[in-house]
Structures are given as C-alpha cells and as structure tokens.
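Everything on this sheet refers to the single structure shown next.
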Amino acid sequence: MKVLVASSEIVPFAKTGGLADVCGALPKALRRIGVEADCVLPLYRCVDRTRFPFSGPGVAVPVPLGNREEQGSVEETDAGGGVRAFLVRNDRYFDREFLYGTRDGDYVDNSERFTFFCRAVMEWIALSGRRYDIIHCNDWQTALLPVYVKTLYADREPFPRTGTVFTVHNLGYQGLFWNHDLPMMGLGWELFTPRGLEFYGKINLMKGGLLYADILSTVSDTYSREIQTPEYGYGLEGVLYDRREDLYGIVNGIDDEEWHPAADRWIAANYSANDLSGKAVCRRDLISVFGLPKGDEPVLGLIGRLTGQKGFDLVERIGEWLAEQPLRVVILGSGERKHEEAMEKLGRKYPDRIAIRVAYDNALAHKIEAGSDMYLMPSRYEPCGLNQIYSLKYGTVPIVRETGGLADTVVDADENPAAGTGFTFRRFEAEELKGAVARALAAYADRSRWDAIVRRGMALDFSWEASARAYVDLYGKALRKRAPKG
Ligand code: ADP
C-alpha cells in the first residue's frame, strides 16, 4: 500500500499546532510497520532549506485556477525515517512570514492559496506518474483533495482507484469562503447546494472533505461522538451524523524521539520513572528561566495557543484565586491579542506567583513539561490534545476538562484511585476548575499518593505504532469502497 499524507503543516518543516506533529509522525510510523508513506505540504518561507536540501530540480506543475494558469513546482527532500517529503512551491502564495495569517487576521487569499495547493497536488500526481493507493487529507486546507478525486478528476488516471481518508483535527476551523470562489476552485455550481459545499451562502471546504472522502476520522473517540452534536459540531453536526458509519476516532501517538524525558535535548537534566532526580533539576531551571522566586511549592504549567478554545478565559477568571494558592504558575502561549494582554496583566499583578511568556518557543515548551509538577488544560473543546500526553510522559500531572481527547487520555485520581493519572472536571466553569486544582493540591501534599499518580502516567504507552496500525485499517476500508463492484 502506498500512502500520501497531505497537510498544510508537517513537522519538521512547518508547525503551528498539533496537526503538524501528527502529520510529521504518522508517515514515519507507517514506514516502521512496512507501509510506504510520503508526505506533501506547501513550501513556506520557514522551511529550513539548509537542513532539508532539495534532491535535484523540482518538477514543474502548471496549475489551472479558474480560467487562468498558475505555475508551480514540486520539490523533494528527505523528511527522515525513510519518508520523502514533497513541497509545493509558488513563492507568491507561500513565501510569507506566517502560514495562515498575521496576528490581526487570516491572509485574504487563503482560499486561493490552498486551492492552488490541492490542485497542484492533483496535477503533480497525474503528471509525475506517482501512484498512491491512498491520499490521507487533514483539515480544511486539504479538504478539496477528496472533492477533486470524486468530481473534477474522477475519470483521470490514477484517481478512479485512489481511496481518500479525511481526518478532522479541529472542526473549529472550516475554511469558509465566499461562493464566487467556486469557479476559481474549478468546481461547478451543481456542487453549491445544502447537500454539497454550500454552508449558509458560503463555500465550506471542511464540509466538502466530510462529504466526499471515503472514510472520515477524528483524533479521539470522544471527539468523534461530540462533533455529531450541536454543541461541538459548529453547524456540521448533521453531516457528521449522516456519515457516522464511516467516522472513526484514533488518538494521536506522540513522537518519542522529540518528547521523552530520558532523551530530551532541551531540558536541564534527563530523567526517567526509575530515577526522578533530574526532574527536580528541571524544576529549578524552569523557575529561574521564568524569574520566579525559589521555593518548594509545586509548579503549574500551561502551554498553548492563546484562544478561546484552550480555555484561557477560564484561567483569567480564576487568576486571583490561583495566585493565592500554594503554587507557582508558568504560562507559555501566543495567539489572540486579548488573551495575551489578559495573561500579561495577571503576570504583572502577581509577579511572584504567575509568570507568562508570550511567544512560540519549542525549547521552553519542553522545559515547562519537564519542570512543572502539574499541567493545566481547561479546554472548551479538545479534539485530541498533545500537551496532556506529553505531561503524562514527563511525570507532570495533568488537570484537564473532560472533553474530547482529554477525556480519553486522563483518568481522574479521586474517581478512580487505582488507575488515576490526573484530575478532571466536567463543566466549563470557574468553580469546577478551581475544584480540580484544589484536589490536585491536596493529592500533592500526600507524597506517596502523588508519586503513584506520577508513575502511573509515565508508564502509559502513547507510541505511534498502535495509532498507525489503526490508520492502516482505515486505509483498507477506504480502498474497499473504491474497489470495482461485482
Ligand atoms: P493544538 O493543535 O490545538 O494547538 P495540541 O495540544 O494538539 O493543540 O498541540 C499543540 C502543540 O503545539 C504541542 O506540541 C505544543 O507544545 C505546541 N505549542 C502550542 N503553543 C506553543 C507555544 N507557544 N510555544 C511552543 N509550543 C507550543
């Protein structure tokens, strides 16, 4: 089986969130279990061309966009682990400072940029003679691929036999664009109906992926059920419910080479469940990096995109209460300005208790995972979530809202003392969050109990192998749907 993983961000080339981690790790995990997997993404400015030199001249690919033609090319490089990465080049679209937009909003031509990307991938496959059995698409930026396979390219080789899997990493971002872009996308108006890509008068690319892919998945079981309801479905719950027989949930693995306390190159000292002494060194280092006073109180860490999704408004609401607890809080994040300002304000008000760094800083994220005692993730919704899994691996006890992947990966230690790995709360309310933090502090005061919770988390297996095998099952299901009937 040959698989092409298509995504708008892939580690180690470009990343803004968990999507990139998944699309970087999955092809490598597939290769390890004997599946030939490549990946494809846009060639952004941030791709490090010294570290990833192109192997030879790129393949020129003329790309039809509406009634004009844009020139593109596809460059090839080594992604590591036996995976070939293909980078779709058009400097006008992708040689920019950011992937999707600035802090003040999305790039206005995102519809055209990602239409170009998807059509370039289709044209490149057709022209280059590369044969993939499966195209694995991820989120709205690649959602046109399954649409093209079944419409515009339905009769063009090799697509009549190509299976498509579409994975939803975050339903909160759907790729909504005005309907006049339809001809630019190369699609006919017959697709612009409520049963098609139309969504309240606009084009909804995510909806296209959900309608046209052979198999659908999301990144946890709980999220796959939640998104069939109005609370989490963002208007697409009906489409998802209609396709529930083809919808699966697979929790993300984590990249053991990147996130492993015994081998992490970014932290002050390495450690393992057998010898946790290095964790104390990491904590001292973290405290000094953030300029907090020394002391014995536990450190609570928080990393993430500063958006409503991640529950930063809830953190803001309990800020004063947090500052009164026997705790020190370190926060790393960047995103919406209002949340950045609110967090900075908290830091200024309680300089000895709460420290905030507004940045995107991978090394610091590692230091926080290693040096904190507890980790907070009060998400409004969370398709899978990676940081709570990193926390479990790093012996940093997660405090999470019971939703999506958080519900599937963290077991409350009060509700289930024998299997507990963290602390959870249900409703998105300040009092519930305070309750969970208070319960974690009470557990922390009992050293042997805390130690057992830490060790249970560290012993869990979140390697990619199991998830990769589950994806191979889905690829099989998608191919069976494409096999000629009779
Ligand atoms: P999402 O994909 O919704 O942003 P995840 O928890 O699935 O959330 O993944 C987030 C990933 O991005 C993690 O690897 C996390 O460490 C990283 N990350 C998020 N914000 C930052 C930041 N400000 N600095 C460094 N890493 C970050």
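Remember, it's 1-based here, ligands and their atoms both numbered in the order they're listed. None of these values were measured; they are calculated from a predicted model.
- Among all protein heavy atoms, the one lying closest to atom 27 (C) of ligand 1 is Tyr360 CE1, 3.4 Å.
- Of the candidates Gly18, Gly304, Ala359, the one placing a heavy atom closest to atom 20 (N) of ligand 1 is Gly304.
- A side-chain N or O of Ser391 and one of Glu369 form a donor-acceptor pair less than 3.5 Å apart.
- Set against the non-hydrogen atoms of Tyr390, the atoms of ligand 1 under 4.0 Å away are 13 (C), 14 (O).
- Using a non-hydrogen distance threshold of 4.0 Å, Gly385 registers as a contact of ligand 1.
- Note: Tyr223 and Tyr381 have parallel aromatic rings, judged against thresholds of 30 and 60 degrees for the angle between ring planes.
- Under 3.5 Å, the side chains of Tyr471 and His136 contain no donor-acceptor pair of N or O atoms.
- With respect to atom 11 (C) of ligand 1, the closest heavy atom belonging to the protein is Asp21 OD2, 3.8 Å.
- In this model, a donor atom of one side chain and an acceptor atom of the other lie less than 3.5 Å apart for Ser217 and Thr167.
- The protein heavy atom nearest to atom 1 (P) of ligand 1 is Lys310 NZ, 3.5 Å.
- When non-hydrogen atoms are compared, ligand 1 lies under 4.0 Å from neither the backbone nor the side chain of Thr16.
- In summary, the side chains of Tyr132 and Asp38 do present a donor paired with an acceptor at a separation below 3.5 Å, with no hydrogens or angles considered.
- In terms of protein heavy-atom proximity, atom 4 (O) of ligand 1 is nearest to Arg305 NE, 2.7 Å.
- At a cut-off of 3.5 Å, with distance as the only test, no side-chain donor of Lys294 or Ser288 sits close to an acceptor on the other residue.
- In this structure, the protein non-hydrogen atom closest to atom 15 (C) of ligand 1 is Asn387 ND2, 3.3 Å.
- For His169, no heavy-atom contact with ligand 1 is shorter than 4.0 Å.
- Around the CD atom of Glu97, the shell of radius 6.0 Å holds no more than 12 heavy atoms that belong to other residues, nucleotides or ligands.
- Annotation: side chain of Thr77 is not in contact with side chain of Arg49 (no heavy-atom distance under 4.5 Å).
- A donor-acceptor contact closer than 3.5 angstrom links the side chains of Asn138 and His169.
- At least one heavy atom of Lys15 sits under 4.0 Å from some atom of ligand 1.
- Distances from atom 24 (N) of ligand 1 to the heavy atoms of Ile368, Val22, Asp361 put Asp361 nearest.
- Closest to atom 5 (P) of ligand 1, if we only count protein heavy atoms, is Leu386 N, 3.6 Å.
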